[in-house]
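The model shown is predicted, which means the values in this text are computed figures rather than measured ones.
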Amino acid sequence: MEKLNCSVVWDVPFPEPTDVIKTDHTSSSFFTVVIVLYLAVVLFELGILIYKNAKVKNYINRWGIYIEDITVNEHKSIKAYKCYGIYEPMLFGILKPQIIVPIDQKEEDLALIYLHETTHYRQKDHFTRCFLHILSILCWFNPFVYLYLKNMILLSEISVDEQVVSLTNQRYNYCKLLVDGCFNSQNSSQFLRLFSDKDFTITRIQAMYRSKNNKSLFPSLVVSLALLLTVGTAGFAFVTEPHTMQAFQTQSVYNGYSIKTEKIYLKEGQEASLSFSLDLSNDDSNKEGEILEIGYYIGNKKVPLERDRYTAETLTITAPEDGEYSFYINNWACNYIYTDNLEIRK
């Protein structure tokens, strides 16, 4: 026998791939489902909010009784109405807000109510609350958004309460008005009364009397804001991450065979990744990895990338130009190669 020295020649022609990895089009992308679900809930909640506001506006237009114009400043006045079926005063509307009071509201309480609602208007609280409600809809998946919304509205009410009491010096009468409104609000819908429950009113009264219990409000707001931003940002990034995944039917590539994916359309700069793994259970397999040739096609042009030893890998390409792309894998030595997922990043 003669000893023969040999070297591996890489330029041996390899047959063109004949087996094509078929995409399982029946399996929907998980991230696409999540995004569609998120947008569906947002649109549904936004529709409910618009519908309820339109319904209340139509109700006020039908049953509201004009009282007078309330002067906010030298350039602006707000119309005030009494309305059947309204059980607590409110500032309703965004672009043209109106002051709405119950039909049986006592005349001696109107001055305090007008001052309270016009103070809300001067502070632009009607815009702030609109923004907060939209924020709560966009972050519906965040369990802390409700706490943040409630605390922000509570802070705006406490701010207005302090200004009204300091201007009128009628702390007792004002607190009595809040208590009466709390009891009356039990008859109104949840949409109208928002957070005007007993605990909400008690917190406002305690704040006016500088109760020690009020000290817990600010930490609660800070914690809820931090959690809102953390969970909200992470959740929003999760549901809006710009990528899709396509599941493949189970594929295996035998030794000496080649395989490629179906064509996908990529724009210039767009990324696509193909995951694959190797079966190294055979006694003849190199446990440190087997030699493969991997690359991609753009149209009919073959672009080899690497010939190396692999155990498992994700092949990622960045499209140099717009066109149809497909991955290929040439199996030089491995027992089997299994394809996994094709991920496209936009």
Side-chain angles (χ1 to χ4, degrees), residues 56 60 64-74 76-94 97-130 132-133 149-218 220-221:
V56 173
I60 293 173
I65 301 174
Y66 172 75
I67 306 175
E68 58 182 317
D69 284 6
I70 309 303
T71 302
V72 178
N73 52 49
E74 57 182 1
K76 181 66 179 179
S77 62
I78 301 178
K79 295 184 181 297
Y81 295 84
K82 284 187 176 181
C83 188
Y84 295 95
I86 301 296
Y87 296 95
E88 59 177 330
M90 62 178 174
L91 181 67
F92 180 79
I94 303 298
Q98 303 167 336
I99 297 175
I100 313 299
V101 298
I103 194 67
D104 57 352
Q105 189 70 54
K106 298 177 181 178
E107 292 295 328
E108 59 267 24
D109 295 333
L110 290 180
L112 287 174
I113 292 173
Y114 292 159
L115 180 57
H116 177 97
E117 303 302 344
T118 53
T119 304
H120 273 307
Y121 178 83
R122 284 192 292 270
Q123 292 185 167
K124 307 300 180 184
D125 287 338
H126 52 306
F127 288 113
T128 303
R129 293 194 186 188
C130 178
L132 290 174
H133 279 92
L149 174 63
K150 181 174 182 178
N151 282 342
M152 286 298 294
I153 292 179
L154 179 56
L155 283 177
S156 71
E157 293 294 344
I158 290 175
S159 173
V160 171
D161 293 341
E162 291 178 349
Q163 294 184 59
V164 172
V165 169
S166 63
L167 290 173
T168 62
N169 198 26
Q170 297 186 42
R171 193 187 309 270
Y172 175 79
N173 292 336
Y174 188 72
C175 289
K176 182 177 180 300
L177 186 61
L178 292 181
V179 172
D180 292 340
C182 177
F183 283 107
N184 293 336
S185 68
Q186 303 305 314
N187 298 320
S188 60
S189 67
Q190 180 66 32
F191 173 74
L192 288 177
R193 61 190 178 95
L194 293 174
F195 303 105
S196 298
D197 52 21
K198 182 176 68 173
D199 294 335
F200 196 77
T201 302
I202 290 175
T203 304
R204 292 173 62 183
I205 294 175
Q206 288 174 341
M208 280 188 283
Y209 283 93
R210 298 296 187 268
S211 170
K212 294 181 180 180
N213 293 333
N214 188 46
K215 293 181 179 180
S216 63
L217 181 62
F218 183 73
S220 174
L221 177 62

(request) Go through Ile94 and Phe127 one step at a time and tell me if the side chain to side chain contact (heavy atoms under 4.5 Å, CB included) criterion holds. (result) CA-CA 6 Å; Ile94 303 298; Phe127 288 113; 3.5 Å; yes
(request) To the nearest 0.5 Å, tell me how far Tyr84 OH sits from Asp104 CG. (result) 10.0 Å
What side-chain donor-acceptor pairs closer than 3.5 Å can you find for residues 109-118, not counting sequence neighbours?
| unit_1 | atom_1 | unit_2 | atom_2 | d |
| --- | --- | --- | --- | --- |
| His116 | ND1 | Tyr174 | OH | 2.6 |
| His116 | NE2 | His120 | NE2 | 3.1 |
| His116 | NE2 | Glu157 | OE1 | 3.2 |
| Glu117 | OE1 | Leu91 | N | 3.4 |
| Thr118 | OG1 | Tyr114 | O | 2.7 |
| Thr118 | OG1 | Leu115 | O | 3.1 |

(message) Measuring from atom CD1 of Ile70 to atom OH of Tyr121, what distance do you get when rounded to the nearest 0.5 angstrom?
(response) 13.5 Å
(message) Measuring only between side-chain heavy atoms, which start at C-beta, is Pro102 closer than 4.5 Å to Cys83?
(response) no
(message) Going by the rule side chain to side chain contact (heavy atoms under 4.5 Å, CB included), which residues pair with Asn169 if we only count those two or more places apart in sequence or in a different chain?
(response) none
(request) Answer whether the closest heavy-atom distance between the side chains of Lys150 and Leu132 falls below 4.5 Å. (result) no
(message) Can you list everything that forms a salt bridge (Lys or Arg N to Asp or Glu O under 4.0 Å) with Lys124? Sequence neighbours excluded, please.
(response) none
(request) Output the distance between atom CG (Leu155) and atom OG1 (Thr203), rounded to the nearest 0.5 Å. (result) 10.5 Å
(request) Hey, could you give me the CD1/CD1 distance between Ile99 and Ile78, rounded to the nearest 0.5 Å? (result) 5.0 Å
(request) Find the distance between NE2 (His133) and CG (Leu149) and round it off to the nearest 0.5 Å. (result) 5.0 Å
(message) My understanding is that only residues two or more places apart in sequence, or in another chain, count here; which of them pass salt bridge (Lys or Arg N to Asp or Glu O under 4.0 Å) with Lys79?
(response) Asp69
(request) Apply ring pair (Phe, Tyr, Trp, His ring centres under 6.0 Å) to Tyr172 and list each qualifying residue two or more places apart in sequence or on a separate chain. (result) none
(message) If you count heavy atoms of other groups shown closer than 6.0 angstrom to NZ of Lys76, is the number above 12?
(response) yes
(request) Taking the side chain as every heavy atom from C-beta outward, state whether Ile67 and Val101 have any atom pair closer than 4.5 Å. (result) yes
(message) Holding to side chain to side chain donor-acceptor pair (under 3.5 Å), I want the full list of residues that pass it with Glu108, two or more places apart in sequence or in another chain.
(response) none
(request) Evaluate the side chain to side chain contact (heavy atoms under 4.5 Å, CB included) criterion for residues Arg129 and Ile153: first the C-alpha distance (whole Å), next the side-chain angles of each, then the deciding distance (0.1 Å), finally the verdict. (result) CA-CA 7 Å; Arg129 293 194 186 188; Ile153 292 179; 3.7 Å; yes
(message) As an exercise, state the distance from CG of Asp161 to CG of Leu178, rounded to the nearest 0.5 Å.
(response) 5.5 Å
(message) Using every non-hydrogen atom in the two residues, find where Pro89 and Gln105 come nearest and quote the distance to one decimal.
(response) CG-OE1, 4.0 Å
(request) Taking side chain to side chain contact (heavy atoms under 4.5 Å, CB included) as the test, write out the residues that go with Gln123, two or more places apart. (result) Thr119, Asp125, Ser159, Val160, Gln163
